[in-house]
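This report concerns only the one structure given below.
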Amino acid sequence: MKIQPATKEAFQLLLEGSLALAQVEANGIRIDTEYLNKATQQIETEIKEKTEALQKDKTFRIWKREFGDKTKIGSGDQLAHVIFSKLKYKCPGKTATGKYRSDQSAFEDVDLPFVKDWFKLDKLKNANGTFLNGIRREVVDGYLHPSFNLNTVETFRGSSSSPNFQNIPIRNPEIGKLIRQCFIPRKGRVLVEIDFGALEFRISAAFWADPKMIEYASDKTKDIHRDQAALCYKTSNDQVSKQMRYAGKNQFVFPEIYGSYYVQMARKLWESTSKENFKLKDDKTLVRDWLANNGIKSLGKCNPRQRTRPGTFEHHIKEVEDDFNRRFNVFASSKEKWWRDYQKRGWFRMLTGFIVSGVYSRNFLMNCPIQGPGFHCLLWSLIELQKWLNKYKFDTLIVGEIHDNILSDVPICELQDFLYAAERIMTKEIRKAWKWIVVPLEVEVDVTPVDGNWHQKAQWIENGSEWVPK
DNA sequence: CACTGGAGCCAC
DNA sequence: AAACGTGGCTCCAGTG
């Protein structure tokens with residue numbers, strides 16, 4: 001497959017990008033090595049205790065009898081064999097090679113404490129193995145220097161390795177805290193994380209040139225993820241809780257934009273409602289109960305070959321999807337034309353000047369022109385911000401990048417100037433340079449306490465004359 | 001013993 | 001017509 005940056009502009013972006021990222025790598029992130037060692041010791045003790053507890057369980061005796069000296073308590077395959085084959089619980093599916101699925105959701109309906117505890121232990125092992133150990137292995141004199149690559153990704157996004165700085169836990173609050181406490185600013189300083197808000201949706205609107213999407217991305221009172229959650233769960237916009245919005249974003253809007261369809265989305269959205277505490281914003285009503293009171297009591301068969309039955313959740317989500325495609329009808333038609341044109345030519349060009357040539361799936365065609373240019377907005381901003389810091393001889397250091405955000409280590413005396421400069425570059429300068437960004441861009445800023453840690457980051461806002469904690 | 005690929009988990 | 005995109009890393013299981 002021949003892939004290359006096609007224009008001078010695209011080439012320049014990669015060249016300057018690699019120079020700027022080399023600086024980021026050299027800067028490095030400060031690590032609280034004392035905490036890291038203490039946390040490792042504690043978690044290893046916990047892993048040992050929890051392992052011994054599992055080995056006393058009667059389910060483990062069955063396991064032992066089955067596998068003898070081949071017994072490996074960490075093996076998901078063996079766990080699945082014991083639960084689904086010996087104890088005859090129903091397995092919800094097989095993997096590509098015909099083995100039992102052994103991911104956590106495959107055991108959702110298994111009510112054995114042994115299984116719940118096994119997954120708790122598995123989470124701890126992952127936190128220790130991949131993250132705490134992964135970080136410690138790479139620390140040099142108290143600093144971590146992850147690689148930030150521009151040459152590994154099909155869509156011309158970036159990646160990170162040794163260690164991967166772009167998948168540090170955050171969604172699981174306990175594990176997130178455990179790991180993120182390792183990352184600290186230099187003495188007397190703060191860590192600052194600057195995100196593009198809803199970047200991929202904004203780029204989608206610009207790329208597909210859909211007036212209704214552009215309107216959505218341009219109107220501060222509108223929020224596509226919240227509004228679609230409301231439609232999916234039959235509530236008003238005001239009733240959408242944080243969890244509901246999260247589901248709307250990750251189980252409807254992104255899947256829909258990147259080529260999924262109502263059957264898959266209905267399953268996931270319905271699965272979310274079975275989580276405990278999946279409630280409306282009033283914090284009393286379970287979404288599952290709310291739906292039941294609104295005439296939707298079951299998911300439906302989810303068989304793509306059968307017509308959906310009115311009154312099922314699946315039927316409802318199909319209507320939400322139809323409505324989405326009607327409202328964003330330019331998006332719906334542009335993507336068909338985009339796919340047809342590619343099939344004729346065998347290559348396509350991104351808004352940032354990159355040419356992608358070769359055999360690709362339909363869904364790749366939908367994702368690549370959004371994912372690539374989204375990251376290019378970040379890379380362009382990082383380059384400009386680095387130049388600005390150099391020009392004015394700031395002590396602020398850019399220390400990392402995660403696809404749509406920049407992490408910096410900032411002396412408190414430079415914080416205000418730095419935030420104003422970053423905002424200017426990321427929302428104004430970039431639109432002067434790249435006219436195809438026909439939607440406003442926004443930044444979201446998080447700052448840690450002085451001498452705090454990454455886990456303690458909290459949102460800051462601009463109040464008209466300065467940046468302050470929200 | 002070295003290596004490989006599957007499966008799972010972490011992020012955006 | 002077909003059915004969610006991109007990565008990195010670890011452990012396990014199997015191979016030679």
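Atom set for the values below is all heavy atoms of this structure, side chains included, hydrogens, waters and symmetry mates excluded.
Both A:Lys70 and A:Thr155 lie near DNA chain C, and the one whose nearest nucleotide falls closer to the 5' end is A:Thr155. When the nearest nucleotides of DNA chain C are assigned to A:Gln371 and A:Tyr261 by heavy-atom distance, the more 5′-ward of the two goes with A:Tyr261.
For A:Phe364 and A:Tyr342, the ring centers are positioned 6.0 Å apart or more. No close placement of the A:Phe156 and A:Phe375 rings is indicated, their centers lying 6.0 Å or farther apart.
Atom CZ of A:Phe119 is surrounded by more than 12 heavy atoms from other residues, nucleotides or ligands within 6.0 Å. Other residues, nucleotides and ligands contribute at most 12 non-hydrogen atoms within 6.0 Å of the NZ atom of A:Lys268.
Put simply, CD on A:Glu200 is 13 Å from C1' on B:dA11, counting in whole angstrom units. The NZ atom of A:Lys268 sits 12 Å away from the C1' atom of C:dA3 (whole-angstrom rounding). Between A:Arg362 atom CZ and C:dT6 atom P the separation is 15 Å, expressed in whole Å. Atom pair A:Glu321:CD and C:dA2:C1' shows a separation of 12 Å (rounding to whole Å applied).
When the side-chain hydrogen bond (donor to acceptor under 3.5 Å, both in side chains) test is applied to A:Thr308, the partners found at least two apart in sequence or on another chain are A:His315.
Between the base of B:dC10 and the side chain of A:Arg171 there is no donor-acceptor pair shorter than 3.5 Å.
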Can you check nucleotides 1-4 of chain B for protein contacts, nitrogen or oxygen pairs under 3.5 Å, and list what you find?
none

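Salt-bridge annotation for A:Asp210 and A:Lys212: absent, with no side-chain N of the basic residue lying under 4.0 Å from a carboxylate O of the acidic one.
The side-chain ring of A:Tyr258 is not stacked on the base of C:dG5, judged by centre separation under 5.5 angstrom and plane angle under 30 degrees.
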